[in-house]
Amino acid sequence: ENLDARDFAQANADSGRELVVMIPITPHLAAISAVRDAIEMFRDQARYVVVRSMLGYKPNDYVLWDSPAFCDKFGRVVSGNYKAMLAEVGGIVLDMPTLNPKALARAEALKLTFAEALHSPLLEVDERTSVRKWLNAWAGQLDLIRDPLGLDPSFNWNVA
């Protein structure tokens, strides 16, 4: 309980585990600054996966993510090109796909897991289709981090 971040990372390494730090972000400065904070905290003792929320956002909404010198109204640099910082440590960016809000709300209200939602007669056909597309989109993103997830190269995602 008294370990700092580097001690925690070292304890993982000593146990034969690799530390993977996942950082969810939105386009807001406070969110993307967490990338810098995590890298400063763990340095080269971890692998980094950033998950960009695409819920209501487009890639070009992440202006502060890859801006080397975005200045506020006082001329102070408020962004630090966090995308480049992540690239320097070999980090990976995933774009979190968006599930149709109606399908998500109904599946949640019905207490369905996503696997159940694929085939549940309690959902409409378009809702089940939306869940299937979303899970397949997630599988495509997770393919980008097969190595940190420890997946065998021959592993195949199966959205049945």
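Counting begins at 1 with the first residue of the sequence.
Here the CG-NZ distance, from L104 to K102, works out to 13.0 Å after rounding to the nearest 0.5 Å. Taking CG of D66 as the reference point, atom CG of N60 lies at 10.0 Å (rounded to 0.5 Å). The structure places CD of E124 at 5.0 Å from CZ of R106, a figure rounded to the nearest 0.5 Å. Taken to the nearest 0.5 Å, the CG atom of N81 stands 10.5 Å off from the CG atom of L64. In this structure, the separation between CG on D44 and CD1 on I39 is 11.5 Å, given to the nearest 0.5 Å.
Heavy atoms only, all atoms of each residue included: Y48 and R43 are closest at OH-O, 2.6 Å. Closest heavy-atom contact between T26 and I32: O-CG2, 3.3 Å. The two residues Y62 and S53 come nearest to each other via the heavy atoms OH-O, 2.6 Å. Here the closest heavy-atom approach between residue N100 and residue S130 is recorded as CB-OG, 3.0 Å. When all heavy atoms of R6 and E40 are compared, the pair lying nearest together is NH2-O, 4.0 Å. In this structure, G56 and D61 approach most closely via the heavy-atom pair O-OD2, 4.2 Å.
The ring pair (Phe, Tyr, Trp, His ring centres under 6.0 Å) pairs that include a residue from residues 139-160 are F155-W157, where partners are two or more places apart or lie in different chains. A salt bridge (charged side-chain N to carboxylate O under 4.0 Å, His left out) check over residues 131-151, counting only residues at least two apart or in different chains, returns the pairs R47-D147, D143-R146. Sorted by first and then second residue, the salt bridge (charged side-chain N to carboxylate O under 4.0 Å, His left out) pairs involving residues 76-96 (not counting sequence neighbours) are R52-D95, D72-R76.
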Trace of the side-chain contact (heavy atoms from CB on, under 4.5 Å) decision for Q10 with Q45
CA-CA 7 Å; Q10 188 59 51; Q45 293 180 294; 3.6 Å; yes

V35 vs W65, test: side-chain contact (heavy atoms from CB on, under 4.5 Å). Steps then yes/no.
CA-CA 10 Å; V35 174; W65 172 239; 3.7 Å; yes

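A continuous path of Ile, Leu, Val, Met, Phe, Trp and Tyr side chains, each step under 4.5 Å between heavy atoms, connects V63 with V93, placing both in one hydrophobic cluster. A single hydrophobic cluster is not seen to contain both I25 and L142; linkage of ILVMFWY side chains at heavy-atom distances under 4.5 Å, directly or through other members, places them apart. Following chains of ILVMFWY side-chain contacts shorter than 4.5 Å, one cannot reach M85 starting from M22, and the two form parts of different hydrophobic clusters. Cluster annotation: V89 is connected to I23 through the hydrophobic network of ILVMFWY side chains, with a link wherever side-chain heavy atoms come within less than 4.5 Å. No path of Ile, Leu, Val, Met, Phe, Trp and Tyr side chains, each step under 4.5 Å between heavy atoms, connects I145 with V50, placing them in separate hydrophobic clusters.
Of the possible donor and acceptor atoms, one in the side chain of R128 sits under 3.5 Å from a partner among the backbone N and O of L123. A distance-only check finds no donor-acceptor pair linking the side chain of S120 to the backbone of E116 [under 3.5 Å].
Counting heavy-atom neighbours within 6.0 Å of L149 CG, excluding the residue itself, gives a total above 12. Other residues, nucleotides and ligands contribute over 12 non-hydrogen atoms within 6.0 Å of the OH atom of Y57.
Between L94 and I92, some side-chain heavy-atom pair lies under the 4.5 Å cut-off. Two residues are said to be in side-chain contact when any heavy atoms from C-beta on lie closer than 4.5 Å; F8 and L19 meet this criterion. Residues S33 and Y82 have side chains in contact (heavy-atom distance under 4.5 Å, counting atoms from C-beta outward).
The aromatic rings of W134 and F114 are tilted relative to each other, their planes meeting at an angle between 30° and 60°.
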